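Because the structure is predicted, anything quoted here is derived from the model rather than measured.
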Amino acid sequence: MRKPLAIEFPDLIHLRQEGKRLAARLPGTVLEWEGRAVGLYRVMALIACVFGLVWAGPLAAQTLPLKSLTCTAGAESARGAFDLPRGQLQCSGSRFGHRDRFVRTSVEVPRRLLPGSNGLVWQTEASDFTSMLVRFTYADGTQRLIDVDRQMAARNWFAGNRFNVPIPDEAARLVAVDTVVERPYSAATTAKARILTKARSAEKHYLRSLAYVLVIGLLILPLIYDLLFYRILRQPFVLWHLGMVGAMTCYTLLQSGLIFEFLPDLELGLRWRATALAFVLALSSAVMVVRGLIEDRLLSRGLNAALIAAALIPILVKIVALIGGEALRITVNAWLMASLVPSALMVLIAVAVALARGSRGARWAALGLSVLMAVGLLRLLVGMGLMEFGFALEDGVFVAMVVLAILTSLGVGDRFLALRDDRDQARNQAVRLGQMANTDGLTGLANRRAFDMVARLSPGEGLLLADIDRFKAVNDKHGHQIGDAVLCRVAAILRDALVDRPGARVYRLGGEEFAVVARTADGPELMQLAEKLRQTVTRIDGSQSPVDLPLVTVSIGAVLGHGQLMHQAFADADAALYRAKDSGRDCSVLYNAGTAKSTAGRFHDTLNPA
């Protein structure tokens, strides 16, 4: 049995040569193993070469963030800041929180990390400051000092709240960048500097500008949506949504730098403060939108107060920041971010409670706020120094705003549908209740309340009052159940007899008394109608009733309309009715002055006929 061979060659060429020399005496399985090993080594070598080329080659297309390389210090003058030796600079910890009048930053640029040798720009965040000096030092000792005035942020703006400072081209390579910033209002001005090539800067500026234009376009659509919706649904939360999306649009214009395309002379400090104000207004309006999306019946008094407080806290902090001035310089952003924590907690609690109670609007609010809450949490952790997230986190705010605007727009639409359903249900219920209030429960005819709502008896109309003769005797002899059946049968006969007369209305005024208002040309036509109804009732036989009904007759009093008040027409018709009763019942009488005079004394006996 052969002993295993131990082959240790330093490179693949020798391994291949030795493999060929042993090919004649090694079994086929060993040859296969050797081939697979060589193939594996080749793949590993290829990966190593590519990996080495990526890292060993020049990083001309990369960006060099300077935060980790930056050392800082404070001073009382620009000269004093530049004269500080590097040993006195702070290079770790909370080194970007200096509140001195002048803040010095110093970066030694490693050659292996420098993105190219010429055609470079230095970038930083365009927050407010009084003045800035940037000194570039080269390997041959050459120093170039650039005075950055406040409006360079407008002239050389870079999409994403930054601006460029061109780095002068020199034969020697760049070895150090020192800045002195007077009264920086944000630590980001000193902490977020970076170096990249002009070509890379132009490319990213173009692409990011397109992205911000897209964001603004996506925000303009909900603006139009809100304006159209408010014409239909005049609810306060629609205005809050309009304000939220409007503030988001302003924030995007200001924060991205696109505002300089429209206002190239916009003052740096004004833009910076307006950006923060737009951000705060957008968040506060978003809280009020959430409050509006949650149904009123599911929003307790405590939750309502909590949401209002959550909307007010950031605004109050921003007002204090604007008033505080120098006292809050550098720390203003930290205070603002801290103020958002209790507001976010209040909103989360309110939404969670509303979701537990089955709120439809809270679902849209939760979906819309999810991305914004995640981005806010990341920004808080970055602000506390617990993690680093880079430039992409700033863009996350715009994504979160678009998601919030679109999803809450859908929530507004859903709320509109819910309110419309509630309104329709309330309207239908009101109609039903009105019908019930104006309908006689026994016969289904309009009742006395509906009759009293008719103000006048118009010309061309006639009023008939019909009273069942001796109805009390029917109740006494046959019982109230049969009496009610007689009333229902008479009501049906009156209603069916008037089907061919459009606009005719039948009322049960109470007890056994009915009223009919119908169009008529004159007295004879009105009397013809009265006789038709009387004779139809007289022929009642109860064949269509589940019980045997006794024969009944009716007496009818009639009056022509000439625009008199309905209560006067009723009195006249009632007088004619009593004349019919006095004439032996089961007849019809048309009102005239003589009838009124002869029956005036018995007018009050209508409810108790003999």
Side-chain angles (χ1 to χ4, degrees), residues 50-70 105 107-127 132-140 142-149 151-179 188-216 252-253 255-261 264 268 388-396 398-399:
V50 173
F51 191 83
L53 288 174
V54 170
W55 284 97
L59 303 179
Q62 303 299 315
T63 300
L64 174 60
L66 302 179
K67 183 176 181 179
S68 61
L69 305 173
T70 302
T105 69
V107 176
E108 291 183 350
V109 183
R111 181 173 186 175
R112 62 183 179 85
L113 297 180
L114 187 64
S117 56
N118 291 307
L120 303 176
V121 294
W122 178 86
Q123 280 186 0
T124 193
E125 187 164 305
S127 59
M132 179 186 294
L133 295 172
V134 183
R135 185 177 67 191
F136 300 102
T137 304
Y138 299 86
D140 60 359
T142 302
Q143 290 186 337
R144 300 288 296 273
L145 185 65
I146 297 180
D147 186 359
V148 179
D149 63 274
Q151 290 310 104
M152 182 175 283
R155 295 193 303 272
N156 296 353
W157 72 278
F158 177 85
N161 195 34
R162 289 173 175 261
F163 66 96
N164 294 331
V165 177
I167 298 176
D169 292 335
E170 294 288 340
R173 71 177 184 87
L174 181 68
V175 295
V177 180
D178 295 271
T179 66
T189 304
T190 55
K192 293 188 177 181
R194 62 182 185 174
I195 295 176
L196 66 164
T197 64
K198 291 180 180 179
R200 180 65 170 167
S201 174
E203 177 189 357
K204 296 185 69 173
H205 175 73
Y206 175 74
L207 295 176
R208 294 175 68 85
S209 297
L210 290 180
Y212 291 133
V213 170
L214 176 62
V215 169
I216 293 174
T252 305
L253 276 171
Q255 179 74 3
S256 67
L258 291 173
I259 189 66
F260 292 126
E261 293 293 325
L268 181 64
E388 293 288 340
F389 207 88
F391 197 32
L393 183 59
E394 301 295 332
D395 296 335
F398 299 107
V399 175

Flag side-chain contact, heavy atom, 4.5 Å: Val121 against Val165: no
Ser209 vs Trp157 side-chain heavy atoms within contact, under 4.5 Å: yes
Nearest-0.5 Å distance that lies between atom CD in Glu203 and atom OG1 in Thr197: 8.5 Å
From Met132 atom CE to Phe163 atom CZ, the distance as rounded to the nearest 0.5 Å: 4.0 Å
Student check: side-chain heavy atoms of Val134 and Leu145 closer than 4.5 Å: no
Ile195 side chain near Leu174 side chain, heavy-atom distance below 4.5 Å: yes
Lys/Arg N to Asp/Glu carboxylate O, Asp149 vs Arg155, below 4.0 Å: yes
Side chains of Trp122 and Val148 in contact at under 4.5 Å (non-hydrogen atoms): no
Thr124/Thr189 under side-chain hydrogen bond (donor to acceptor under 3.5 Å, both in side chains): CA gap, chis, key distance, verdict: CA-CA 6 Å; Thr124 193; Thr189 304; 5.5 Å; no
Heavy-atom side-chain contact between Asp178 and Val107 under 4.5 Å: no
Which residues share a side-chain hydrogen bond (donor to acceptor under 3.5 Å, both in side chains) with Thr105, sequence neighbours left out: Thr179
Inter-residue atom distance Phe136.CZ - Leu120.CG, 0.5 Å rounding: 9.5 Å
Close side-chain approach of Leu69 to Val109, heavy-atom, < 4.5 Å: no
Check: Thr137 side chain, Gln143 main-chain N or O, donor-acceptor pair, under 3.5 Å: no
Distance, nearest 0.5 Å, that separates CD of Glu108 from OG1 of Thr70: 11.0 Å
Value rounded to 0.5 Å, distance of CD1 in Ile167 from CD1 in Ile146: 8.0 Å
Rounded distance [0.5 Å steps], CZ in Arg194 versus OG1 in Thr63: 5.0 Å
Any donor-acceptor pair under 3.5 Å from Thr142 side chain to Tyr138 backbone: no
Minimum heavy-atom distance between Leu268 and Ala126, given as atom pair plus value: CD1-O, 3.7 Å
Residues which pass side-chain hydrogen bond (donor to acceptor under 3.5 Å, both in side chains) with Asn164, listed by chain and number, not counting sequence neighbours: Gln123, Ser201
Polar side-chain atom of His205 near backbone of Ala159 as donor-acceptor pair, under 3.5 Å: yes
Audit row: Arg173, Asp140, salt bridge (charged side-chain N to carboxylate O under 4.0 Å, His left out) steps and yes/no: CA-CA 8 Å; Arg173 71 177 184 87; Asp140 60 359; over 6 Å; no
Which atom of Pro166 lies closest to which atom of Asn156, heavy atoms considered: CD-ND2, 4.0 Å
Check ion pair Glu125-Lys192 (N to O, under 4.0 angstrom): yes
By side-chain hydrogen bond (donor to acceptor under 3.5 Å, both in side chains) - contacts of Arg135 (at least two apart): none
